[in-house]
Number of protein chains: 2
Amino acid sequence: MSLPFKKRVVIIEDDQEIRESFNLIVNSSQRFAVVGAYGNCEDAIAALNRDKPEIVLMDIELPGMNGIKGTQIIRDKNSSTEIIMVTVYEDSDLVFEALKAGASGYITKSANYTELLSALEEIVRGGAPMSSRIARMVIDNYHINPNSPLTKRETTILQLISEGKTYTQISEELFISKETAKTHIKNIYSKLQVNSKSEAIAKANHDKLI
Amino acid sequence: MSLPFKKRVVIIEDDQEIRESFNLIVNSSQRFAVVGAYGNCEDAIAALNRDKPEIVLMDIELPGMNGIKGTQIIRDKNSSTEIIMVTVYEDSDLVFEALKAGASGYITKSANYTELLSALEEIVRGGAPMSSRIARMVIDNYHINPNSPLTKRETTILQLISEGKTYTQISEELFISKETAKTHIKNIYSKLQVNSKSEAIAKANHDKLI
DNA sequence: TTAATAATCACCCAAACTTCGGTATAATTC
DNA sequence: GAATTATACCGAAGTTTGGGTGATTATTAA
């Protein structure tokens, strides 16, 4: 069964009704063809070499392996496969985990006919389909926390720490003594309640202080 | 001049023609009103307390202070002001700098009537207007590099390092001896050509190894 | 305008942790 | 079988951290 000119799509979704519905919608388009529809990642991954999908529509909550782990594995086997998460969750942590795992789009299960197909079109065009809320969540994730407890100087020094600089390098770059750099860093540690550079970096990234 | 129910918009753009054009488009909407249009950030910032904009349309390339620095300053003065970058550049570094500075949207100067207004609407709705390419750039920025020189174990350990863990903590978490953790870390350093935890974290983040 | 507070700078010592340079053996993977 | 990966140990040198002390310069509040 060769399907020239049509993009090969695999659906991984445990709810049979939704799976069938997506199947019909995707197949209704001249540009896409469902080459496999599975209720779990394990089956889908086992069939990957046969299905050779260009695009995967992936649920997050699945029996057995979840969609995030599944995304990791599929991307690991073929990094040119584009994965769109299709989920009820717009919970912050899950979104970022899915993106880190390799997803290129994130839409909700409430997506209708048009939304689903335009997400597929958007992926083919080299874009990244997302709902408004997800887009905002992703953008906000870049923003620096305006309520940082650190002073301007401390923030500068934390920035240099995060770039991997030593006490000596920091002092040279800021034209202050090594001891002064040390004092600032001690104050940073006390404010962030950490006690090493790496911990400070972890906290700074998590709290978006730099 | 009070403008109830209309969102207050400030335009910062040095090309007078474009500035006038945006002015007309924004004012043509019942939902928005331009309360200030400036050719540089300095003037716009000086007038902030009078203009009190809810939304700023900001050019990047400007005489004097550039749009990224301007974004930082405006957000610093009032973090509820939403800033949309309007620019010819879709260059990767500039995009991320603008986002880090506090921008919530990123559209190109080629934006037409509809695109400009729908970007404004999208911001009001709490979204983050972006072109396809920008959205993809942002999403790809989360993806882990599949060409990492590190082994699986080394990647795990680098992950723990980035979480601020010490040698001892790492060894305990992975049920290996402290000396083994040390060996792995030495190998990581040699592969990444760094020689401290913080430098390794910096490189890992930059090269998207974790 | 003074008083208080915050920010920035600087130094000392001891303890703890990290890094460098080796060596070496199972267990896997190719 | 050869190469890679994961495991483990030792000691010396270097860096970082914790606990103090103290001074000068903004900045803010009374």
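Protein chains get the first letters and strands the later ones, always in sequence-line order, with residue 1 at the start of each.
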* **Working for salt bridge (Lys or Arg N to Asp or Glu O under 4.0 Å), residues A:K109 and A:D59** => CA-CA 9 Å; A:K109 283 195 182 178; A:D59 190 10; 3.2 Å; yes
* **Between C:dA27 (P) and B:I176 (CD1): distance, integer Å** => 16 Å
* Asked: Whole Å only: how far is the NZ atom of B:K178 from the C1' atom of D:dT7?
  -> 17 Å
* B:N23 side chain to B:R19 backbone, donor-acceptor under 3.5 Å -> no
* Asked: Which residues in residues 162-172 of chain B have at least one heavy atom lying under 4.0 Å from any atom of DNA chain D?
  -> none
* Structure fact -> Residues in residues 183-210 of chain A with a heavy atom under 4.0 Å of DNA chain D, by number, are A:K186, A:Y189, A:N195, A:S196, A:K197
* To do: Please state how far atom CG in A:L174 lies from atom P in C:dA10, giving the value in whole angstrom units.
  => 11 Å
* Test for a donor-acceptor pair under 3.5 Å between the base of C:dC9 and the side chain of A:E179, counting only N and O atoms. => no
* Rounded to whole angstroms, how far apart are CD1 on B:I161 and C1' on D:dT16? -> 16 Å
* To do: Please test A:Q169 against A:E173 for side chain to side chain donor-acceptor pair (under 3.5 Å), starting from the C-alpha separation and ending with a verdict.
  => CA-CA 6 Å; A:Q169 288 173 316; A:E173 203 150 317; over 6 Å; no
* With respect to the phosphate group of D:dT4, does any side-chain polar atom (N or O) of B:R153 fall under 4.0 Å of OP1 or OP2? -> no
* No-H, no-angle donor-acceptor pair, B:K182 side chain to C:dG21 base, under 3.5 Å -> no
* Asked: Which residue pairs pass the side chain to side chain donor-acceptor pair (under 3.5 Å) test when at least one of the two sits in residues 84-100 of chain B, sequence neighbours left out?
  -> B:E61-B:Y89, B:E90-B:S131, B:E90-B:R133
* To do: Respond yes when some side-chain nitrogen or oxygen of A:T180 is under 4.0 Å from OP1 or OP2 of C:dA10, and no when none is.
  => yes
* Are the side chain of A:S29 and the backbone of A:I25 linked by a donor-acceptor contact shorter than 3.5 Å? -> no
